[in-house]
Amino acid sequence: MKKVMENATHIEGILYEHALENKVTGPNSKNPGTPFISGTISIATDNALTNIVQVHFTYVTQTTTKGTPNATYSILQNIIDGTIGNYMADGEDKAAKLRVDSAIGLNEFYSDRNGKEELVSTKRNEGGFVHTTTTLIDDEKQRNTFKCDMIITNVTHVDADEEHNIPEKVIVKGAIFDFRKSLLPVEFTATNPGAMAYYEGLGASPSEPVFTKLWGRQVSEVIKREIREESAFGDDNVREVQSTRKDFVITGGAKEPYVWDDESSITAKELTEAMAARETYLATLKQRQDEYKASKQNATTATTVASTATEGFKF
């Protein structure tokens, strides 16, 4: 397997708002009584303040693993204290400019949907380094980027939906890796005609995956749609509907994919092992959630363990 699996995001812009909290680790944790910060910051990456990208922090402590002061903790604490202003609380003039170097992670949990318990998995920017800055990149399209190595196993074409303002696109499905080399099932979108043709032409499938590098932009914007109901007389009934579109849109990719099933990239055996490790993780996640429910309901809940894929690489 590659020594380093590419997985990086870059977000910069005006601090729009935050949902950060000061917390302390519990008595059963590895380091009881440790202060830490968790939550999210939202950054407006465009000058119009409409493309809002969130960065999530799970556990940020005052010191690094080397025992040195953690600069990111200091910045997040200043945001909580109000020393570093944000747009929603302080207005645009007092809102700080930030840049964050993060990575793609997954927010995962099991949810009861229509009487059936299903895994919910949502992409997000997870952790990283936060810096204050006085200047932003001139090109807004370079303020909300991502790049990663991806194992592609499926490409699906989706026709345009003009009524809901959804463009024609292809959905590129597969998996990436975090810094621990844990497998993360994800999907990205391609809307450029050339990109759509390229990914549909790869012929990627669970039995014949394609391992390559790609990059793109994080889009998170409000879409406004006018609905007009014609009246038999007088004025029409007109109303505006708003929806938020969040997507990771591919804008470029490596000219040549990596060699598949090779020690210089990743072998089929290594991928199988990574998939097995993910199944163990999901079983643990399910068990913890069941135990939490049981503690709330004073009832025993059975644990369901997902089975490992046996026909090709299905994430």
Side-chain angles (χ1 to χ4, degrees), residues 7-45 52-91 94-111 120-134 144 146 177-182 184 218 220 277 280-282 284-296:
N7 177 358
T9 65
H10 179 81
I11 306 99
E12 64 176 74
I14 289 177
L15 177 59
Y16 192 78
E17 61 183 350
H18 78 88
L20 298 170
E21 293 183 287
N22 289 111
K23 296 183 178 181
V24 178
T25 55
N28 297 323
S29 65
K30 184 178 180 181
N31 298 296
T34 301
F36 69 97
I37 294 174
S38 68
T40 61
I41 57 174
S42 297
I43 298 176
T45 65
I52 314 299
V53 179
Q54 276 194 346
V55 183
H56 180 265
F57 299 90
T58 300
Y59 182 74
V60 182
T61 56
Q62 292 174 311
T63 57
T64 66
T65 55
K66 296 180 180 180
T68 57
N70 188 343
T72 294
Y73 179 93
S74 298
I75 291 176
L76 297 183
Q77 186 61 58
N78 285 337
I79 292 174
I80 292 174
D81 294 339
T83 306
I84 293 179
N86 68 82
Y87 173 78
M88 290 300 290
D90 308 297
K94 296 182 179 179
K97 294 182 178 70
L98 300 179
R99 55 184 174 86
V100 184
D101 293 301
S102 184
I104 300 172
L106 295 177
N107 178 27
E108 296 188 298
F109 55 91
Y110 284 89
S111 175
V120 178
S121 182
T122 306
K123 295 186 297 295
R124 66 184 180 189
N125 295 287
E126 183 61 49
F129 302 97
V130 183
H131 308 272
T132 56
T133 183
T134 56
N144 53 342
F146 72 91
F177 295 85
D178 64 14
F179 72 96
R180 299 185 185 90
K181 294 190 177 179
S182 298
L184 308 177
Q218 299 185 55
S220 178
T280 300
Y281 158 75
L282 291 178
T284 303
L285 177 68
K286 181 70 165 58
Q287 182 179 3
R288 288 176 179 171
Q289 190 161 320
D290 286 346
E291 289 173 349
Y292 176 77
K293 286 183 179 179
S295 68
K296 294 294 184 182

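Nothing fancy with the numbering, it's 1 onward along the sequence.
Judged by distance alone, with hydrogens and angles left aside, the side-chain atoms of Thr63 form no donor-acceptor pair with the main-chain N or O of Asn70 at under 3.5 Å. Put simply, the side chain of Asn86 gets close to the backbone of Ala89: a donor and an acceptor are under 3.5 Å apart. Remark: side-chain polar atoms of Ser42 are not paired, donor with acceptor, to backbone N or O of Val53 under 3.5 angstrom. Here the side chain of Asn7 pairs a donor or acceptor atom with the backbone of Ile104 at under 3.5 angstrom. Formation of a donor-acceptor pair under 3.5 Å by the Thr25 side chain with backbone atoms of Asn31 is found in this model. A donor-acceptor pair is defined here as one N or O able to donate and one able to accept, closer than 3.5 Å; such a pair exists between the side chain of Thr284 and the backbone of Thr280.
Ring orientation note: the planes of Tyr16 and Tyr87 are close to parallel, at an angle under 30° on the 30°/60° scale.
One finds the CG atom of Leu76 at 10.0 Å from the OG atom of Ser38 (value rounded to the nearest 0.5 Å). Atom-to-atom distance recorded for Leu20:CG and Asp81:CG is 10.5 Å, nearest 0.5 angstrom. With values rounded to the nearest 0.5 angstrom, Leu106 atom CG is found 4.0 Å from Ser121 atom OG.
Counted within 6.0 Å of CZ on Phe129, heavy atoms from surrounding residues, nucleotides or ligands total 12 or fewer; the atom is thus considered open. More than 12 heavy atoms of other residues, nucleotides or ligands shown are found within 6.0 angstrom of OH on Tyr281.
Among residues at least two apart or in separate chains, salt bridge (charged side-chain N to carboxylate O under 4.0 Å, His left out) pairs with a member in residues 94-110 are Glu108-Arg278.
Between Ala103 and Thr9, the shortest heavy-atom distance links the atoms N-OG1, 3.4 Å. Nearest heavy atoms, Ser102 versus Gly127: OG-O, 2.6 Å.
Under the 4.5 Å side-chain criterion, counting only non-hydrogen atoms from C-beta, Gln62 is in contact with Pro35. Tyr110 is listed as a side-chain neighbour of Leu282, based on a closest heavy-atom distance under 4.5 Å. Looking only at side-chain heavy atoms (C-beta outward), Phe177 and Leu184 stay at 4.5 Å or farther from each other. At least one side-chain heavy atom of Asn125 sits less than 4.5 Å from a side-chain heavy atom of Ile11. A 4.5 Å side-chain heavy-atom check between Thr40 and Val55 finds every atom pair outside the cut-off. Taking the side chain as every heavy atom from C-beta outward, Phe57 and Val130 approach each other to under 4.5 Å. Taking 4.5 Å as the limit, some side-chain heavy atom of Ile41 sits within range of a side-chain heavy atom of Val100.
The salt bridge (charged side-chain N to carboxylate O under 4.0 Å, His left out) check on Glu17 picks up nothing, with sequence neighbours excluded.
Side-chain contact of Gln77 with Asn22: a donor-acceptor pair under 3.5 Å is present, judged by distance alone. A side-chain N or O of His10 and one of Glu12 form a donor-acceptor pair less than 3.5 Å apart. Side-chain contact of Glu126 with Thr58: a donor-acceptor pair under 3.5 Å is present, judged by distance alone. Asn107 and Thr122 form no side-chain donor-acceptor contact under 3.5 Å, judged by distance and modelled atom types alone.
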